[in-house]
Amino acid sequence: ESPKNPPNFPQIPFNPPKPPPNPPNSPKFPKIGHSVCLHLHGFSPYFYVLAPPGAGEAHLEPLERELEAALRREQRGGNPKFQPPKNVLGLTLVRKQSILGFQGGLQSLFVRVGVSLPRLVAPARRLLERGLRWGNLGVQPAPPFEANIDFEIRFMADSGLVGCCWVELPPGGFRCWGALRGHPPEGAWLGLPPLRLLSFDIECAGRKGVFPEPQQDPVIAIAAVALRQGAREPFLRVVFTLRSCAALRGATVRSFESERELLQSWAEFVRIVDPDVVTGYNIHNFDLPYLIQRAQVLQVESFPYLGRVRGVPSQVRDSAFQSRQLGRREGKVVTSPGRVTLDMLQVLLREHKLRSYSLNAVSAHFLHEQKEDVPHGIITELQNGDAQTRRRLALYCLKDAMLPLRLLERLMTLVTLVEMARVTAVPLSYLLTRGQQVKVVAQLLRQAMQEDLLLPVVKSEGGEDFEGATVIEPLKGYYDAPIATLDFSSLYPSIMIAHNLCYTTLLPPGGAQKHGLGPQDFIRTPTGQLFVTPRVRRGVLPRVLEGLLAARSRVKAALAEEQDPERRQVLDGRQLALKVSANSVYGFTGAQAGRLPCLEISQSVTGFGRQMIEKTKQLVESEYPDVQVVYGDTDSVMCRLKVPSVPEAAALGRAVATWVSGHFPPPIRLEFEKVYLPYLLISKKRYAGLCFSGGSGGTPKLDCKGLEAVRRDNCPLAANLVTACLRRILLHRDPQGAVAHAQEVISDLLCNRIDISQLVITKELTRAASAYSAPQAHVALAERLRRRDPGSAPGLGDRVPYVIVSGARGQPAYERSEDPVFALEQNLPIDTRYYLEQQLSRPLLRIFEPILGEGRAQAVLLQGEHTRCKTLLTARSGALSAFTSKRSSCIGCRALLPHHGAVCDFCRQRESELYQKEVSQVWHLERSFSRLWSQCQRCQSSLLQDVLCSSRDCPIFYMRRKVQKDLEAQLELLRRFGTPQW
DNA sequence: AAATGCTCCTAC
DNA sequence: TAAGGTAGGAGCATTT
């Protein structure tokens, strides 16, 4: 049911175009009329407790009375008005097994506790766990099982639904209790439904230098773009503006004189478009909370009904999320029942490692186009102008609403998420808000249910760390011979399958005697744990993993046949989801603060892994004396082969892999992956090579692991230079060219010819400033920025960009970190020595030393003529020198002058010549500036309007500002000549 | 000068 | 309440 008329919702005359109808009887999709939001009502959750010894049918009734009474007492305490009709829906005795530990087929007695509301699960569990009266057995504690399963996961597992699957409903009205008919996402039910996506962006009129706050600063524009999933073009583009706005081509403009009307109208628009997915960039932490808070301030009562459930308003809540993988993040969550809010920023933070996550940087990276970035102050100016300046604002806003949709499409975000939801059986929203564990829990629960196994509620205590994988000691150096890479695909999942490692197969100490098992019934893992063989009991985890691997082979086969591009996309997405999903099971078992940790399993898995890589190296080297394992990490070995060509290396690699595979139990297999030629091995986890994937004819690709080229915590100059040198060495096989290039870049750096954007280092703020025990450059800067303007300062989880500026001798780097824009605007001098010595020299030496030799690399790179370049130009070109020096110096000979003129008496005779030189410098700067300016105009797609952009993620911006400032300084210099007399 | 601990980010 | 794992290189400030 879609709430067309929430309480007190005023009717505003407004007729946006209706979404286009679905294609009639489209062969691709089943016939669908509407999006339907199923609001889950009246589903009763349940959990289990282990019954104490001696418990039976007779104990259930008194126990239920006890539990009911205890729950009522608790609730009266919390909320006297709340009086649910019934808390406990029923207790029943069931015979099942705990999943934890081999049980020898013995079932235990459990009580299934059904309660009427999800929020009763936690207190009921606590009461039973602590101990209630079990009739004549007295007060007995009862350990809970499955009391920590998420409500939606419980429901879906019970109904046999997976995330994002098709559900068939009877035509006309329906009221469904329990039996929903979900279709497996295959065949006719493989595709995605034509979901409606709505992307939006807001603009606020902030005050100068302060980040906009909803208490004070009005919303002046909201742009919205609606797209049907799978369609190429949006079916709707609308901009809502405060005050008049000139027409936009291809978009509807709706102007309002009052902000209240603007907000009301937008909310109504959302309800009419009725999107399934609401997207945008940073809408979670900015746009949505801002709108809702602003509507509160303006008392627009009807506004927050943005969801699909009648009478349930969207709410802003603070949220904190913390995981080892994603770090700690805090922010706001806006609820919107019935719609998925898909913040592209959150998606990118989870899925992609980038230097910067500004919409700007992201557009440049994924869409290869720059976007304007207009500072807040100027936004307000545009708003205060006329219909034309507000048109510009509207267009800017519209573009920002458009970009998330384009990112969504380019990154295939929706398909990827839908497939992950289908494979792991969780709702799509979980993938955006929750961690990795819940996906494994969902799968584990479903498999366990089939085998009458229950998941215990464990209190996670921080256990001890366990030993991980082996990294083979690298034989460092430069190899001009083919290196074949062999690896165990899905190593950890296949270990778990091959050795039947599972919660259900783990034999505790003494378990063998207890269950009367002989030596042939169990195995001892390399770390000493005992697990029963599949003959005794097949594990649940291996079953889940086998299912995932088997599904993967089916998808592979289907992909070979499938022609339809959209279905192919779905299958691709599924393949990825299956792989990722299988690989996360091991991590789940080892998760210290986990839902169901079992270090015996994870330890054994890595133990087997260590044994295997060691054995592989030995097997290979003893069977093939001409093959040498030069390196290996976890599941791979790099083999140096004494064959001349890539195809021969591939053939030999395949033979070796097949032969080695025979020495391991299925489904463990060693596979030939690729050939490197040449190969540069720097150290553990750091190498580069020219990669021939599959060892065949395709174009080889430069592969670079762990080196500065692929790290985000150095400046782009270092990363780019390392990449460029590696390309020259490995791809073009031109080490001399690489050296020359490196020398040139070093020279450019020392002569201040490197653009500041190349020197920006970014690092993540992983915790609150006070939680750091060691000083850090980015943390110190973040603190300084916070003092300058708390609203716009970097928050937890943000990446902080900085440059290192010159300072006093011996001053630590953390005191010299500075905001790049600030440094540019204030003409703070960059510490080029720092960049050479701390950012470039060591990475360069590391890659050149294996080729040139130790001494030579040092001499050639760091001691040549190019390191002595010190320009005179920079010394005075900055505006700084013009304003800070108390006395001016002669433009000809730099001698101090007693006056503010241009030249000293000695240089007076060449004054005309010097003047001409400075004038030509002005021309030169003007030409550069005009080139950059028109480049920025092209970016804003208007050659007629001023450039307002100040994107700190665009190199052109830095260059433009630099030239502009140099030009100003140069003109100032020119003024010192006065009116020429000659 | 060398060793050490903290921090970040990557490989797998 | 919820939160996948360990190995490992490198930079940097501080201590030894």
Side-chain angles (χ1 to χ4, degrees), chain A residues 121-122 148 150 319-329 353 355 430 433-441 457 459-460 462-474 485 487-492 580-599 601-603 605-607 609-610 613 631-636 682-687 703-714 718 761-767 771-780 799-800 804 810-817 834 837-839 841-843 846:
Chain A
V121 169
N148 54 355
D150 291 286
S319 87
F321 181 90
Q322 183 170 11
S323 85
R324 284 279 286 270
Q325 192 178 45
L326 300 170
R328 194 178 159 74
R329 276 210 175 95
K353 304 206 149 185
R355 281 175 181 268
Y430 276 43
T433 58
R434 303 284 295 271
Q436 300 292 324
Q437 297 203 54
V438 68
K439 296 188 263 186
V440 181
V441 169
V457 178
K459 358 178 210 318
S460 59
E464 257 131 76
D465 283 0
F466 61 92
E467 193 181 342
T470 296
V471 183
I472 293 175
E473 199 55 51
T485 301
D487 53 16
F488 293 102
S489 54
S490 298
L491 175 70
Y492 288 176
V580 170
S581 188
N583 282 327
S584 60
V585 171
Y586 149 79
F588 175 82
T589 66
Q592 300 281 325
R595 289 283 289 272
L596 198 52
C598 182
L599 295 199
I601 296 177
S602 7
Q603 270 173 359
V605 169
T606 58
R610 290 192 296 275
I613 195 169
Y631 179 57
D633 185 346
T634 309
D635 60 354
S636 64
I682 306 289
S683 66
K684 284 183 174 179
K685 312 228 181 237
R686 292 183 165 229
Y687 61 85
D703 207 2
C704 199
K705 301 287 172 157
L707 302 177
E708 284 67 22
V710 297
R711 293 180 66 86
R712 301 177 291 171
D713 54 355
N714 50 25
I761 302 165
T762 70
K763 281 188 184 156
E764 190 187 324
L765 204 57
T766 58
R767 61 195 93 161
Y772 282 90
S773 61
Q776 300 286 325
H778 64 299
V779 183
R799 294 186 68 79
V800 184
I804 298 294
Q811 197 181 6
Y814 63 85
E815 287 178 7
R816 297 187 283 123
S817 53
Y834 169 87
E837 283 157 18
Q838 306 303 322
Q839 291 274 316
S841 71
R842 268 170 288 188
R846 280 194 289 268

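Lettering follows sequence order; numbering is per chain, from 1.
Side-chain atoms of A/Tyr586 lie closest to C/dG4 of the nucleotides B/dC9, B/dA11, C/dG4. Considering only the side chain of A/Ala774, B/dC6 comes nearest among B/dC6, C/dT6, B/dA11. Among the nucleotides B/dT10, B/dT7, C/dT6, the one closest to the side chain of A/Val710 is B/dT10. Considering only side-chain atoms of A/Pro812, the nucleotide from C/dA3, C/dA13, C/dA7 that sits closest is C/dA13. Taking every side-chain heavy atom of A/Arg712 into account, B/dC9 is the closest of B/dA11, B/dC9, B/dT7. Side-chain proximity of A/Ala593 to C/dA7, B/dC9, C/dA3: nearest is C/dA3. Across C/dA3, C/dA7, C/dA13, the shortest atom-to-atom separation from the side chain of A/Arg595 is found for C/dA3. When the nucleotides C/dG8, B/dC9, B/dT7 are ranked by their closest atom to the side chain of A/Glu764, B/dC9 comes out on top. Checking B/dT10, B/dC8, B/dA11 against every side-chain atom of A/Lys705, the shortest atom distance belongs to B/dA11.
Distances shown here put a side-chain N or O of A/Gln838 below 4.0 Å from the OP1 or OP2 atom of C/dC12. For A/Arg686, no side-chain nitrogen or oxygen approaches OP1 or OP2 of B/dC12 to under 4.0 Å. Residue A/Arg610 has no polar side-chain atom (N or O) positioned under 4.0 Å from OP1 or OP2 of C/dA7. One finds a side-chain N or O of A/Tyr814 lying less than 4.0 angstrom from the OP1 or OP2 phosphate oxygen of C/dT14. Taking side-chain N and O atoms only, A/Thr634 has no distance below 4.0 Å to OP1 or OP2 of C/dA7. Phosphate proximity of C/dA10 to A/Arg846: present, with a side-chain N or O under 4.0 Å from OP1 or OP2. Taking side-chain N and O atoms only, A/Arg767 has a distance below 4.0 Å to OP1 or OP2 of B/dT7. For A/Tyr631 and B/dC12, the shortest distance from a side-chain N or O to OP1 or OP2 is not below 4.0 Å. In this model, the phosphate group of C/dA7 is not approached by any side-chain N or O of A/Lys684 to a distance below 4.0 Å at OP1 or OP2. Side-chain N/O atoms of A/Tyr772 include none lying less than 4.0 angstrom from OP1 or OP2 on B/dG5. In this model, the phosphate group of B/dT7 is approached by a side-chain N or O of A/Ser773 to a distance below 4.0 Å at OP1 or OP2. Distances shown here put a side-chain N or O of A/Arg842 below 4.0 Å from the OP1 or OP2 atom of C/dG11. Note on A/Tyr834: a side-chain N or O is less than 4.0 Å away from OP1 or OP2 of C/dC12.
We find that CG of A/Asp150 is positioned 13 Å from C1' of C/dA3, with the value rounded to whole Å. When the P atom of C/dG9 is taken as reference, atom OH of A/Tyr687 falls 14 Å away, rounded to whole Å. Atom C1' of nucleotide B/dT10 and atom CD1 of A/Ile682 are separated by 15 Å, given to the nearest angstrom. Following rounding to the nearest Å, A/Gln436 (CD) and C/dA2 (P) show an atom-to-atom distance of 16 Å. Taking atom CD1 on A/Ile601 and atom C1' on C/dG4, their separation rounds to 14 Å, with Å as the unit. Atom NZ of A/Lys685 is separated from atom P of C/dA10 by 13 Å (rounded to the nearest Å). Spacing between atom CD of A/Gln811 and atom C1' of C/dC12 amounts to 15 Å, rounded to whole angstrom units. Atom NZ of A/Lys439 and atom C1' of C/dG4 are 10 Å apart (whole Å).
No engagement by A/Arg329 is indicated, since no non-hydrogen atom pair under 4.0 Å with the nucleic acid exists. If you check every strand for non-hydrogen atoms under 4.0 Å, A/Ser683 touches sugar and phosphate atoms only. Among the heavy atoms of the strands lying under 4.0 Å from A/Ala813 are primed sugar atoms or P, OP1, OP2 only; no base atom is included. Counting any heavy atom pair closer than 4.0 Å across all strands shown, A/Gly468 reaches sugar-phosphate atoms only and no base atom. Residue A/Thr606 is out of contact with every strand shown, counting any heavy-atom pair closer than 4.0 Å. Using a 4.0 Å heavy-atom cutoff across all strands shown, A/Arg328 reaches no nucleic acid atom at all. Nucleic acid contact class of A/Glu467 (heavy atoms, under 4.0 Å, all strands): sugar-phosphate only. Here A/Asn714 lies out of heavy-atom contact (under 4.0 Å) with every strand.
For A/Ala320 against A/Arg328, the heavy-atom pair with the smallest separation is CB-NH2, 3.9 Å. Smallest separation of non-hydrogen atoms from A/Arg595 and A/Asp150: NH1-OD2, 4.0 Å. Among all heavy-atom pairs drawn from A/Asp713 and A/Ile761, the shortest one is O-CG2, 3.7 Å.
Between the side chains of A/Tyr772 and A/Thr766, at least one donor-acceptor pair of N or O atoms lies under 3.5 Å.
Looking at heavy atoms from C-beta onward, A/Phe588 lies in side-chain contact with A/Gln437 at the 4.5 angstrom threshold.
For the pair A/Arg711 (side chain) and A/Gly706 (backbone), a donor-acceptor distance under 3.5 Å is absent. Within the 3.5 Å criterion, the main-chain N or O of A/Glu764 finds a donor-acceptor partner in the side chain of A/His778. Counting only distance, with no hydrogens or angles, the side chain of A/Thr762 and the backbone of A/Arg355 share a donor-acceptor pair below 3.5 Å. Checked by atom type and distance alone, the side chain of A/Tyr631 pairs as donor or acceptor with a backbone atom of A/Lys685 at under 3.5 Å.
Remark on DNA chain C: of its neighbouring residues A/Glu473 and A/Tyr492, the 5'-side contact belongs to A/Tyr492, judged by nearest-heavy-atom nucleotide. The 5' end of DNA chain C is approached more closely, in terms of each residue's nearest nucleotide, by A/Gln322 than by the other of A/Val471 and A/Gln322.
Using P as the reference atom, C/dG4 and B/dC12 are 23 Å apart when rounded to the nearest Å.
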